[in-house]
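Reviewing the structure listed below.
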Amino acid sequence: MEEKYDFKAIEEKWRRHWAHSEIYRSDEEEGAQKKYVLVMFPYPSGPAHIGHVANYNLGDVLARYLKRKGVNVLHPMGWDGFGLPAENAAIREGIHPAKYTGENIALLRNSLERLGYAYDWGRELATCDPEYYRWTQWFFLKFLERDLAYKAQAWANWCPSCLTVLANEQVINGHCERCDTLVIQKALQQWFFRITEYAERLLADMEQLGGWPESVLTMQRNWIGRSEGCEVIFRLADSDKEMPIFTTRPDTLWGVTFFLLAPEHPLVDELTQGTPYESDVAAFHERMRGVSNIERTSMETEKDGVFLGAYVVNPVNGEKVPVWTANFVLMEYGTGAVMAVPAHDQRDFEFARKYGLPIRVVIQPRDGSLEPDEMTEAYVDAGTMVNSAGFDGEDGEAGRKQSVPDLLEEKGWGSRTINYRLRDWLISRQRYWGAPIPIIYCERCGMVPVPEEDLPVLLPEDVRFEFKGPSPLESSDDFRNTACPRCGGEAKRETDTMDTFVDSSWYYIRYASPRFDSAPFDDKAVAYWLPVDQYIGGIEHAILHLLYSRFFTKVLKDLELIDFDEPFANLLCQGMVVMGGAKMSKSKGNVIIPDQFIDSFGADTLRLFILFLGPPEADKEWSESGIEGAHRFLNRVWRLVGRYLDVLTFKTQPVPQDSHALRRIGHITHRTIKKVSEDIERFAFNTAIAAIMEFTNSLYKEIEECADAFNTYEGHEAIRNLILLLAPFAPFITEELWEELGGEFSVHQQHWPEYDTALVKSERIMLVAQINGKVRERIEVDAGISEEEMRRTVLESSRIKQLLEGKTVNKIIVVPGKLVNIVVR
RNA sequence: GCCCGCUUAGCUCAGCAGGUAGAGCACAUCCUCGGUAAGGAUGGGGUCAGCAGUUCGAUUCUGCUAGCGGGCUCCA
């Protein structure tokens, strides 16, 4: 074989060979155990960056390992093709988004191919392909049929830079998830998916997600924000107008001393119009106008409000309490109206103190009693009900859960309800590069869904991307003007496109039958492959993509299109590759492109090095200094195999003299097989590689000491297994070395090595002798030594004897196969 | 403010079930090679963040403290 490890030639050779041989193709095989390994598909933004490599390495090693274990593995790749950058490029550089996206896909695919990932490229898909988005539109129609899609006027998060609305989930700390611009509120007619309908199931089915990180489940649970409580109907004084509120603390109803409305609540203006309070309210609105929603409701912001001159009646005691509007009350949560109990709610407490409103204690702590004037903060803990008419003396918890809700329901003042923080999913986007919403507006027939057989509604070509109207699609007359499918008359198309998270909510199902064209997917293929057994991706999708996909899956199940509830059985969230602790991003100019490293060190080195940076879940600090180490390691493997082949060629002594060496070789081989297998199973790829490195070093030592030992069964096995174990991590070099060893193509189709339990155990062990827990001596003994022998061996050791002189032995503790501890006084 | 995680060699991390502190990289010394981003051998280096408890024995278990990181944060 070549003396030098020529990674360039090797990688090119095998890349070509693999492409022709289709060794990574996967088909349904009846009876075979299947695993669907999926890594979140990328948005094609150009060549791969280091983050892609870190991510796709994980799926690749796992997929290769499972295949070698005899599992039928699906490991596909595709493109999240729609999205803003392509459209911004169109505005900036005049390139059509389709062309821009196509070029970027080619660049990214090339990167991934260079890295040698074992994808079944025959299943490649792109969400911006009409054959794909046709079905995205089809799902929209199905959602519409089930009343899960609807159009409504709403205050929407508007990004002034992206010129589009954003879902709540896409607003991070008040800023646009994509471009970081401050998000403002705009009232618009928008399309929504009724995800709130599924809030309870999204919550309850988390029980099936034992294979997900607890942190992700917690985040989703918080996001859904289920709270149990009561709706209580307050009535406007001297009117029969009802003003329902939601509360989780019905036990404090007798402590209500005022009532609050959100600033945007329609009743605020209605109640004050033409009254002396009108100008105060106007001034308040003026104060709120310049303030973003986020700022207004931040905990640090001072409470602010105005009295509206109106009163409501508390149903439980008939008391009239004043109605105010306050900055911290949210229109979107509950009913936009709140009963205020300053004694037992911190926000109400601060508000009451500021405006001199009364505070009435209705829950007393069990030890001590509260005086409203002396309180410095609201008392929110458990206690006994007081000042609450017939409930005095009752435990607050019981009152909250049982007796007060019973009273409300009995008297018709309210009822038990569950409220969610989760909002419906706003899917309208006023952008071009997305799937058009398949709706037509006819003056005669109203809103008409595009008939299924007319799908896809194709994106038009004659669009002015810089168009400043509500959506670039408005600028295409061909697109905008159409005929009504119902009456044939003149009609206009909907010009909003769908949020790209809609596209990615079902791509994992499409992979099962990516070319199927009579339905979104082939039931048989889906029944075989789905759900995804192992999903891998970034923690940044903990809520967005993962929650939407779960929702989609549940709707599809209700549509009887699939028969599973949850799309992803197991989830691995990998950490980011960071630089100086900061996330890599194009804007910071610190993006690392793998291609340069592939050129200088090869794909195998890069894969190995990135996997070796640390455990998958941890953020990994990027440093180039170690990459040479990884490269050196592969060189060592290369030369070791060369040395071994020399042994076979030139040595004529097939029988080794040193049988100890043989046993050691067998032992380290099987110990490494065990370690690497177990590490891969638990995604500890970094330690698996370390174990292979140690194995290599040990083999060097052995071959140095006794080359003859390698011309044996054990020697052959050691070298073979080294290559077999390294193959999922470094696919190119191992394929080449496998060929050199005379192995049958392909190393990636060889069965994963099994270990022999007997050989994993070492024959000799180091017996540790302690006195009072401190190590005093180590003695090498046979592994099978009895407890009695251990005790005797230690007590007979001269060093121990010497140390025990003049001491009284109190107790001797023997840990079988490990140590003896002598307790002395 | 609340919740979670982390803290082991210069760096990145192992140490699963309490029982000799490890690996890779980096570093040092020696050797080899002297067609070039070479190789081999040996070695130094750690009060396992701090304090207390449980134990014959704690890096490992428990509690507290500190530092770092992440998530949530007027949701009624």
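In this text the structure is predicted, and so the values were computed from the model without any measurement. Labels below follow one simple rule: chain letters A, B, ... track the order of the sequence lines, proteins then strands, and each chain is numbered from 1.
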Specify the residue among Glu678(A) and Arg249(A) whose closest nucleotide of RNA chain B lies further upstream toward the 5′ end. Glu678(A)
Nearest-nucleotide comparison on RNA chain B, the residue closer to the 5′ end among Thr248(A) and Phe601(A): Phe601(A)
What are the residues of residues 691-702 of chain A, sorted by number, that bring a heavy atom to within less than 4.0 Å of RNA chain B? Met693(A), Glu694(A), Asn697(A)
C75(B), A23(B), C72(B): which one has an atom nearest the side-chain heavy atoms of Leu330(A)? C75(B)
Trp223(A) six-ring face occupied by Arg421(A) cation (under 6.0 Å, within 45°): yes
Examine C75(B): is either OP1 or OP2 under 4.0 Å from a nitrogen or oxygen in the side chain of Arg347(A)? Give yes or no. yes
Just to verify, what does Asn57(A) make a side chain to side chain donor-acceptor pair (under 3.5 Å) with, not counting sequence neighbours? Tyr117(A)
When you check the phosphate oxygens OP1 and OP2 of C72(B), does a side-chain N or O of Arg221(A) lie under 4.0 Å from one of them? no
B/S/- contact track for nucleotides 4-15 of chain B, protein heavy atom under 4.0 Å: --------SSSS
What's the closest nucleotide to the side chain of Ser600(A) if the choices are A37(B), C72(B), G19(B)? A37(B)
Carboxylate-amine/guanidinium proximity below 4.0 Å for Lys674(A) and Glu678(A): yes
How long is the line joining CD of Gln770(A) and C1' of G18(B), in whole Å? 11 Å
Annotated structure of RNA chain B as dot-bracket, pair cut-off 3.5 Å, Watson-Crick or G-U only, | for inter-strand, is (((((((..((((.....[..)))).(((((.......))))).....(((((..]....))))))))))))....
Using the C1' atom as the point on both nucleotides, what is the distance between G15(B) and G24(B), in whole Å? 15 Å
Rounding to the closest angstrom, what is the interatomic distance between C30(B) and G67(B) at atom C1'? 42 Å
Considering only side-chain heavy atoms of Lys303(A), which listed nucleotide, C74(B), C56(B), A23(B), is closest? C74(B)
Salt-bridge present (Glu397(A), Arg400(A); N to O < 4.0 Å): yes
In whole angstrom, what separates Lys4(A)'s NZ from A38(B)'s P? 10 Å
Take the protein atom CG of Asp251(A) and the nucleotide atom P of A76(B), then report the distance between them rounded to whole Å. 14 Å
Is any side-chain nitrogen or oxygen of Arg636(A) closer than 4.0 Å to OP1 or OP2 of C25(B)? no
Given the C1' atoms of C72(B) and A14(B), what is the spacing between them in whole Å? 32 Å
Can you tell me the distance, in whole Å, between the OH atom of Tyr333(A) and the P atom of U73(B)? 13 Å
Grab the CZ-P distance between Arg632(A) and A41(B) for me, whole Å please. 13 Å
Any residue meeting side chain to side chain donor-acceptor pair (under 3.5 Å) with Arg249(A), in chain and number order, not counting sequence neighbours: Asp251(A)
For Gln574(A) and G70(B), what is the distance between atoms CD and P respectively, to the nearest whole Å? 17 Å
Can you name the salt bridge (Lys or Arg N to Asp or Glu O under 4.0 Å) partners of Arg791(A), sequence neighbours left out? Glu788(A)
Output the single nucleotide from A23(B), G40(B), A37(B) whose closest atom is nearest the side chain of Glu628(A). A37(B)
When you measure from the centre of the six-membered ring of Tyr700(A), is the NZ or CZ of Arg636(A) under 6.0 Å away and within 45° of the axis? yes
Carboxylate-amine/guanidinium proximity below 4.0 Å for Glu231(A) and Arg416(A): no
Quick test of your reading of the model: are Arg347(A) and Asp345(A) salt-bridged, counting only N-O distances below 4.0 Å? yes
Output the single nucleotide from U73(B), A76(B), C56(B) whose closest atom is nearest the side chain of Lys811(A). C56(B)
C1' spacing across the pair C51(B) / A76(B), given as an integer number of angstrom: 43 Å
I'd like the C1' distance from C33(B) over to A41(B), given in whole Å. 15 Å
Over 60° means perpendicular and under 30° means parallel, so classify the ring planes of Phe234(A) and Phe259(A), tilted if in between. tilted
Over all heavy atoms of both residues, which pair between Leu203(A) and Arg226(A) is shortest? Give the atoms and the distance, please. CD2-CD, 3.2 Å
Asn821(A) has its side chain closest, among C56(B), A41(B), C74(B), to C56(B)
U12(B) to A26(B) separation - C1' atoms, rounded to the nearest Å: 11 Å
In whole angstrom, give the distance that lies between atom CG of Asp345(A) and atom C1' of C75(B). 11 Å
Is the distance between the ring centroids of Phe349(A) and His344(A) under 6.0 Å? no
Measuring only the P atom in each nucleotide, how far is C25(B) from U42(B)? A whole number of Å is fine. 14 Å
Quick one: sort the Trp324(A) and Tyr355(A) rings into parallel, tilted or perpendicular, breaks at 30° and 60°. tilted
Minimum-distance nucleotide (side-chain atoms of Ile813(A) versus C56(B), G71(B), A76(B)): C56(B)
Would you mind reading off the distance between Arg421(A) atom CZ and A76(B) atom P, rounded to a whole angstrom? 10 Å
Centres of the Phe258(A) and Phe351(A) rings: under 6.0 Å? yes
Could you please name the option among G40(B), C75(B), G71(B) that lies closest to any side-chain atom of Met219(A)? G71(B)
Pairwise C1' distance, A49(B) and G69(B) [rounded to whole Å]: 15 Å
